[in-house]
Amino acid sequence: MLMKKSYVLTLEGTQHHAVVASGDDRTEVQVGDGPAHVVDHYPVLDGRAISLRLNGRMHLVQITGLDSKGNVMTTIDGWPVPMTVMDELKAMALESLGGVAASGTIAADIPGLVVEIKVTEGQVVHQGEPVIVVEAMKMQNELCAAVGGTVARVPVTVGQPVNPGDVLVVIEPEPGG
Amino acid sequence: MLMKKSYVLTLEGTQHHAVVASGDDRTEVQVGDGPAHVVDHYPVLDGRAISLRLNGRMHLVQITGLDSKGNVMTTIDGWPVPMTVMDELKAMALESLGGVAASGTIAADIPGLVVEIKVTEGQVVHQGEPVIVVEAMKMQNELCAAVGGTVARVPVTVGQPVNPGDVLVVIEPEPGG
Amino acid sequence: ANRGEIAVRVIQGLKDMGIATVAVYSEVDRCALHVLMADEAVPIGPAPASESYLVADKVLAAAQQTGADAIHPGYGFLSENGPFSQAVEAAGMVFIGPTAESMDLMGDKLSARRKMRAAGVPVVPGTDEAVTDPAVAITIAEDIGYPVLLKASAGGGGKGMRVVREPAEMASSLRQTMGEAGASFGNDAIFVEKYIENPKHIEVQVLGDGTGEAIHLFERECSVQRRHQKVIEESPSPSLSPQLRQQICEAAVQTAQAINYRGAGTVEFILAPDGDFYFLEMNTRLQVEHPVTEMVTGTDLVRAMVLIAQGEGLCYRQEDLQQRGWALEFRLYAEDPSRNFAPSIGKIHSLTIPLGPGIRLDTGIYEGFDVPIHYDPMLAKLIVWGEDRDQAIARSVRALREFTLHGPVHNLPFHQWVLAQPAFRDGSYTTDFIGQCFDSSNWLPPLDESQTEALVTAASLFEAMRRAETTNGRHLSCPDRAPNWRLNARRRMTGNR
Amino acid sequence: ANRGEIAVRVIQGLKDMGIATVAVYSEVDRCALHVLMADEAVPIGPAPASESYLVADKVLAAAQQTGADAIHPGYGFLSENGPFSQAVEAAGMVFIGPTAESMDLMGDKLSARRKMRAAGVPVVPGTDEAVTDPAVAITIAEDIGYPVLLKASAGGGGKGMRVVREPAEMASSLRQTMGEAGASFGNDAIFVEKYIENPKHIEVQVLGDGTGEAIHLFERECSVQRRHQKVIEESPSPSLSPQLRQQICEAAVQTAQAINYRGAGTVEFILAPDGDFYFLEMNTRLQVEHPVTEMVTGTDLVRAMVLIAQGEGLCYRQEDLQQRGWALEFRLYAEDPSRNFAPSIGKIHSLTIPLGPGIRLDTGIYEGFDVPIHYDPMLAKLIVWGEDRDQAIARSVRALREFTLHGPVHNLPFHQWVLAQPAFRDGSYTTDFIGQCFDSSNWLPPLDESQTEALVTAASLFEAMRRAETTNGRHLSCPDRAPNWRLNARRRMTGNR
């Protein structure tokens with residue numbers, strides 16, 4: 001079973017999306033809408049760097065975590081590149097906080113079980129309103145609407161196991177929501 | 001207030017004793033029966049080494065912890081020196097386990113309050129028999145005799161605060177105890 | 001009596017001679033590399049240099065307290081301070097450097113000019129006397145031709161200078177320069193000299209025995225400068241013909257002989273586009289860039305200084321010295337090229353050092369060291385030797401790619417930029433090179449696709465692993481719970497399994 | 001087509017020429033330094049060399065798959081394998097090394113002896129034909145005088161040799177040696193030569209263009225050996241007079257010319273106490289100890305090999321080459337000198353690298369790397385240059401004190417021991433030096449008082465801090481909870497504040 005997680009990365013002012021699907025035996029990474037492929041990677045230099053082998057080519061990426069907010073400093077081929085990397089939800093949250101039009105997509109943050117769905121398709125919800133509950137390790141996590149709007153889809157059902165990144169509820173934002 | 005702790009170290013086959021007394025503002029170290037003095041020391045090289053300044057002379061000691069049993073690898077002036085270092089109690093315990101004549105001295109392991117003294121001077125105790133109770137952070141620690149023998153001294157009284165290393169009970173081991 | 005990479009270099013040099021070493025350090029430097037490497041160390045006060053490294057008495061006391069026989073001043077701080085060197089000798093110790101007379105003579109640009117002119121060393125056309133009257137200055141300017149440079153006799157480090165291109169500017173410029181000079185150097189003596197455009201900075205390493213014997217160790221070119229400060233130096237210079245090299249080196253030896261110079265010194269010249277060269281100044285100390293000379297000539301300048309100070313004279317003979325191959329030095333500064341080289345500070349989080357053939361690193365930092373605000377932002381020097389200039393450059397590119405530092409903002413990428421510039425590649429660069437070619441807002445090459453993919457992949461994996469740990473109950477990204485000790489236990493799982 | 005420090009050295013050399021590099025690696029070497037540094041990397045199978053680095057077809061396939069133009073074999077593995085070099089050339093690629101003919105000729109000691117004798121190069125007195133009959137062997141021995149050495153023609157690395165001191169031993173020794181040789185080398189040809197006692201091992205670096213042109217890059221002395229393996233090498237040799245140096249270097253050039261040698265090779269000689277020298281064998285590859293030659297002659301042998309392979313001939317002229325200063329090489333082995341140099345393995349927990357003037361480090365390891373069991377225990381080479389032998393030795397002492405490694409047991413302290421021995425200091429040491437002087441049970445100098453006090457203090461403080469962390473609820477000393485990532489967060493509090 002692979003556990004999927006989506007990340008939003010920013011480097012040189014541009015945003016990139018990546019999905020990391022990790023299992024016990026292998027890790028697949030999908031960058032942008034490119035194909036997901038198994039990545040030959042190892043932490044090296046006592047944790048100072050990651051060695052990547054991407055279709056035969058070697059890349060040694062020095063990487064240092066600067067904080068828990070996803071700011072990292074990287075160096076490749078001697079060029080230092082500051083980046084930010086965070087999972088998609090956090091990114092959305094920040095966006096909505098930043099007042100930027102937030103996405104209406106609510107996805108799972110942690111692997112768990114859907115225990116309650118508080119909304120139905122077509123229902124109007126307000127920003128911050130709880131819409132779905134996912135239970136993990138005996139803890140109920142209530143996920144709320146990042147934007148106000150109309151519930152467009154609820155692709156999951158109660159009792160269904162979900163993995164991080166799985167879409168749970170899609171809200172059609174109302175204008176200026 | 002300084003918190004004292006005694007250590008037993010072995011290097012090049014010989015045993016050394018040291019007492020580390022650390023406070024918020026300074027740390028004193030006493031090696032063998034030499035004088036205790038404040039030690040100018042810093043972890044350096046990203047934790048790979050300790051820089052010591054002992055009466056003006058600089059010593060850079062590379063040190064790597066190998067396990068939780070006190071085995072460490074050190075290097076000084078380019079000479080690698082394996083050492084073992086453990087607090088006195090653990091050392092005693094090991095000794096007694098090792099069947100070697102264990103010391104009858106029972107000292108405090110943690111800072112705390114003497115809440116109960118189960119023996120009186122002159123009393124005969126068996127190895128492993130609980131002799132004194134020290135409370136720390138609402139936890140009662142029962143200290144037992146490492147050797148069987150006769151209680152020679154109980155230099156503390158109930159209610160007295162003690163620091164690690166303070167002697168609580170001295171037992172005169174019985175022959176072959 | 002110094003700190004940072006030069007103190008480390010001197011300590012290594014002395015250890016290579018079997019001489020015991022004593023470091024001095026300020027409060028923030030207890031864990032500086034030069035302190036860790038010394039045999040003994042003595043604290044000499046608070047962080048500000050004015051209260052520690054610049055206090056002659058404290059340095060002297062430290063030396064006496066430890067029974068030192070001699071003091072090596074390094075560069076900067078008290079290295080060209082006449083009174084200090086006198087005090088050292090008065091205290092019965094050896095000052096590893098020139099006499100106070102030489103320092104004072106060369107410390108004053110006007111007296112140096114006069115001395116050199118007398119010694120037959122070419123100096124930039126201009127006056128040998130201080131000028132206060134604009135009218136006089138204008139006559140001189142007409143005489144030598146505009147543009148001219150107004151220069152503070154006590155100036156240095158690019159301060160107290162002003163270019164005048166026409167008579168109209170003279171009066172105000174003169175007033176301002178005198179004002180600055182008075183304020184910065186406590187001496188408002190100003191003189192006029194011809195301003196040479198697009199010059200090259202060529203300097204010659206000399207050694208003198210103090211009795212008039214002097215030799216040269218060939219030239220260094222230091223024309224790659226930002227804000228009048230050198231960032232890259234090389235030896236030999238790509239700009240000198242064998243004849244010119246000989247002339248300029250001989251002029252340097254004349255200079256040293258003229259003042260019975262003792263120890264290691266550097267005679268700086270300005271090389272005009274037309275091939276004329278002029279005496280600029282003499283630095284009466286070991287230079288930051290001395291390693292390029294050591295690499296090319298196969299010498300050890302610290303050892304040479306010590307032997308001279310011990311009265312053993314020059315340890316090299318001119319005829320035995322020759323240049324072999326080519327050496328480049330790259331100064332690692334904690335500074336941001338994109339923000340006009342503004343200094344940066346902070347902890348060295350991660351450091352990867354280049355190794356292998358032709359590489360030398362003189363460093364004052366290490367992983368975990370916290371770069372203090374109080375001193376020069378130069379952290380280390382990468383010196384690269386090659387059989388010829390092309391190989392030295394190619395090797396430098398390789399070394400700069402291996403060399404990574406996470407922590408303060410630094411100028412390693414800037415060096416890569418310089419190496420890619422045609423003006424540097426063909427050796428035609430002048431001291432105006434960076435000012436003319438470097439656009440701080442647009443100099444970083446864009447990442448190529450594979451680099452971007454690699455970075456995005458690496459960072460995502462990094463975050464995924466970090467997250468995995470966090471959810472395992474460990475909160476690695478929370479500084480206040482960070483342990484003080486990097487135990488092997490913690491490291492056992494890092495690395496390549 | 002190699003691993004470890006030599007693969008790294010070759011990659012660096014190629015990058016210094018602007019040539020793209022492809023590494024091959026076995027399963028356990030995915031994170032080996034040569035793989036991390038290469039532009040591309042291809043896995044070639046399981047850990048055992050016999051299933052990866054020694055499999056010609058896999059290496060060839062990797063080269064073809066990546067479109068490589070040439071293969072540099074390094075040393076060991078396939079570097080002196082004639083059929084491999086032929087296969088490389090048959091596949092239309094360039095083999096950076098000599099012809100298969102040269103390899104085969106020099107790979108067989110008997111054929112090499114005959115060839116050299118014909119070329120007028122002195123060889124050790126003995127037979128040029130295989131011997132099977134003890135009687136014959138005894139006659140020869142009587143003729144050249146005891147003791148004699150029975151040597152396997154296909155032998156090497158100190159294997160397949162036996163000293164015979166009197167006729168009585170001959171029969172059994174011959175039988176045993178033939179047996180060994182047959183078993184180890186699949187060739188039981190044995191010959192007899194005079195056994196030279198207390199010899200020195202002198203070798204000469206040569207370059208040939210393949211058409212009979214050859215030059216030498218002077219000698220290396222490699223007499224510091226344990227179990228017939230070199231541990232310390234130096235250039236120049238302290239044992240050669242200028243005349244002897246010239247003779248021996250000329251003999252080496254004769255050797256290379258006699259076989260139209262192509263590329264870099266090493267002609268090994270054995271120097272008898274009486275000053276006579278004899279051809280021992282020729283290594284048809286780049287040598288482990290090549291850096292001492294590079295440091296002293298200011299050359300790049302990898303570059304020279306590549307240029308020759310590209311058909312550009314010799315990049316140096318004999319008259320331009322000269323020795324400058326002195327270089328020593330110390331091989332860092334993961335082995336325990338106290339246990340007869342038994343190999344050791346494991347994770348590199350902590351590594352501190354010597355830096356500064358005159359220091360070069362060629363390494364195949366880094367902090368966090370896990371040294372595999374499957375290959376040679378040589379981890380890195382410390383090369384130290386000095387203006388003369390004394391400075392080189394003093395500098396080496398300094399460098400070896402700066403150089404620390406925690407992880408596998410290693411021989412850095414052994415090098416310090418060697419440097420302290422009179423026989424090494426005065427250069428009189430022979431290949432029997434270690435056997436005669438080294439007592440594995442009693443060689444470590446006892447710590448002095450201040451060292452002991454420092455260690456006791458440091459370890460107590462270490463334990464106290466570790467304990468403080470543990471009681472703070474973190475269990476650092478419990479490996480299974482060790483995080484995979486060294487975040488800055490964790491590092492922020494380490495170091496000097």
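So you know, we letter chains A, B, ... as the sequences are listed, proteins then strands, and number each from 1.
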Sidechain N-carboxylate O distance under 4.0 Å for [X], [Y]:
X      : Y     : value
D:D300 : D:R9  : yes
D:E51  : D:K58 : no
D:E367 : A:R48 : yes

Interface moiety of D:V22 toward chain A, non-hydrogen atoms closer than 4.5 Å: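 Neither part; nothing is under 4.5 Å.
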So, for D:Y25 and D:Y53, is the gap between ring centers shorter than 6.0 Å?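 Not under 6.0 Å, so no.
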Is A:L52 close to chain D through its backbone or its side chain, or both, or neither, when contacts mean heavy atoms under 4.5 Å?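 Just the backbone, heavy atoms under 4.5 Å.
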Where does A:N55 contact chain D at under 4.5 Å (heavy atoms): side chain, backbone, both or neither?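 Neither part, no heavy atoms under 4.5 Å.
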